[in-house]
Student: 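Here's a structure for you.
What you see is a predicted model, and the numbers here were worked out from it, not measured in a lab. Each chain gets a letter, A, B and so on, in the order the sequences are listed, and its residues count up from 1. Basis for what follows: all heavy atoms, side chains included, without hydrogens, waters or symmetry-related copies.
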There are 2 protein chains.
Amino acid sequence: MVKEIITEEQQKAARYAKAMGHPIRMYVLELLSKQSCCYSGDLTEDLPIVKSTLSQHLKELKDAGLIQGEIEAPRIKYCLNRENWKEAQDLFRKFLKMDSEMPEQKCQ
Amino acid sequence: MVKEIITEEQQKAARYAKAMGHPIRMYVLELLSKQSCCYSGDLTEDLPIVKSTLSQHLKELKDAGLIQGEIEAPRIKYCLNRENWKEAQDLFRKFLKMDSEMPEQKCQ
DNA sequence: ACCTTTGTTCGTAATTTCACGAACTACGAA
DNA sequence: TTCGTAGTTCGTGAAATTACGAACAAAGGT
């Protein structure tokens, strides 16, 4: 689906971006970046989706490595996966910084 | 598909993230953030996809507002859409900065 | 043991994404 | 005007995404 000219970093950044590519997931990430943790139940109360759909979104974030769940019976406590969150931050920062202020560069 | 608790900014950020959510598109964006413009033909030579597929990816980036094409017959010159690129940068910067260094915050 | 709460998994359906090749369009050059 | 180059659009599948409700699993409280 890709090739060697596409770097490992681009692959990773795309993976994270994809996980961030939905308003619900963006909302969850932003919440978790502000308040350290949350429970699925609290989210379903605020969000316009049923719990099973939310569960899928959380799974996507989990699969992408951006969040992690910790059992705290009978609930599950969700937090950011700090390690990967940092990696995503670094990747995006690098990516975003990339062109900050460029006059007129070569065109091809 | 969403609701009011999800902010306009989150919607926008998610839209940009979605467009960035594929290695090919990430590659193109990174290239354009480095070299100001490129042509589709140059890309197809390097990338492992045929031109019609590339055209679709470019269209997605265009629809998301991240790039723009300018006719330069017989080719089309692609550049970043500076205005929206800046908006995306700001949105992500804001988002990424959000938790930079937090000790231990309230959990719900 | 049984019930309640919490969240996941399953089944389903509609939509979107991704990729390809073929056909088409636009435009400059011969 | 005909030809070649550059890129888009169309048609087609396969796969992934999004969403829902129903059923299920886990664990604490009664």
Student: Rounded to whole angstrom units, what separation is found between the NZ atom of B:Lys77 and the C1' atom of D:dG7?
Tutor: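 Those two atoms, NZ and C1', are 17 Å apart.
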Student: Starting at atom CD of B:Glu72, determine the distance to atom P of D:dA6, rounded to an integer number of angstrom.
Tutor: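 Computing the B:Glu72:CD to D:dA6:P distance gives 13 Å.
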Student: Starting at atom OH of B:Tyr78, determine the distance to atom P of D:dG7, rounded to an integer number of angstrom.
Tutor: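 The distance from OH of B:Tyr78 to P of D:dG7 comes to 7 Å, rounded to the nearest Å.
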Student: What one-letter contact string describes nucleotides 25-30 of chain D from 5' to 3', where B marks a base within less than 4.0 Å of any protein heavy atom, S marks contact via sugar-phosphate atoms alone, and - marks no contact?
Tutor: --SS--
Student: After noting the C-alpha distance and the side-chain angles of A:Phe95 and B:Trp85, does the key distance pass the ring-ring contact (aromatic ring centres under 6.0 Å, His included) rule?
Tutor: CA-CA 12 Å; A:Phe95 177 68; B:Trp85 178 248; 5.4 Å; yes
Student: How close or far is atom C1' of C:dG7 from atom CG of A:Leu54, stated in whole angstroms?
Tutor: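 Atom-to-atom, A:Leu54 to C:dG7, this comes out as 9 Å.
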Student: Ignoring backbone atoms, test whether A:Tyr39 places a side-chain nitrogen or oxygen under 4.0 Å from the OP1 or OP2 oxygen of C:dT5.
Tutor: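 No, A:Tyr39 has no side-chain N/O under 4.0 Å of OP1/OP2 on C:dT5.
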Student: If a protein heavy atom is under 4.0 Å from the base, mark B; if only from the sugar-phosphate, S; if neither, -; do that for nucleotides 9-17 of chain C going 5' to 3'.
Tutor: B-------S
Student: Test your reading of the model: is there a side-chain donor-acceptor pair from A:Arg25 to the backbone of A:Ala19, 3.5 Å cut-off?
Tutor: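 Answer holds: yes.
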Student: Atom CG of B:Leu43 to atom C1' of D:dG7: distance rounded to whole Å?
Tutor: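 Roughly 12 Å, once rounded to whole Å.
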Student: Can you tell me how far C1' of C:dT25 sits from CZ of B:Arg75, to the nearest Å?
Tutor: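 Atom-to-atom, B:Arg75 to C:dT25, this comes out as 18 Å.
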Student: Within the structure, does a side-chain N or O atom of A:His57 lie under 4.0 Å from either OP1 or OP2 of D:dT17?
Tutor: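 So the side chain of A:His57 is outside the cut-off, no N or O lying under 4.0 Å from OP1 or OP2 of D:dT17.
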Student: Quick one: do A:Lys18 and A:Glu60 make a salt bridge, cutoff under 4.0 Å?
Tutor: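 So A:Lys18 does not pair with A:Glu60 through a salt bridge.
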Student: Between B:Lys86 and B:Asp90, does at least one N-O distance fall below 4.0 Å, as a salt bridge requires?
Tutor: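 Salt bridge flag = yes for B:Asp90 with B:Lys86.
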Student: Is a donor on one side and an acceptor on the other found under 3.5 Å between the side chain of A:Ser36 and the backbone of A:Leu32?
Tutor: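 Checked: no pair found.
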Student: Can we say B:Lys12 and B:Glu8 salt-bridge, meaning some charged N sits less than 4.0 Å from an Asp/Glu carboxylate O?
Tutor: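 No.
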Student: Who pairs with A:Gln56 by side chain to side chain donor-acceptor pair (under 3.5 Å), at least two apart in sequence or on another chain?
Tutor: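 A:Gln56 satisfies side chain to side chain donor-acceptor pair (under 3.5 Å) with no residue once adjacent residues are dropped.
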Student: Could you grab the distance from atom CG of B:Asn81 to atom CD1 of B:Ile67, nearest 0.5 Å is fine?
Tutor: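 Result: 9.5 Å between the selected atoms.
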Student: When you measure from the side chain of B:Asn84 to the backbone N and O of B:Gly65, does any donor-acceptor pair fall under 3.5 Å?
Tutor: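 Pair found, side chain donor or acceptor close to backbone of B:Gly65.
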Student: In whole angstroms, how far is the C1' atom of D:dT18 from the CG atom of A:Leu61?
Tutor: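 Rounding to the nearest Å, CG of A:Leu61 and C1' of D:dT18 are 14 Å apart.
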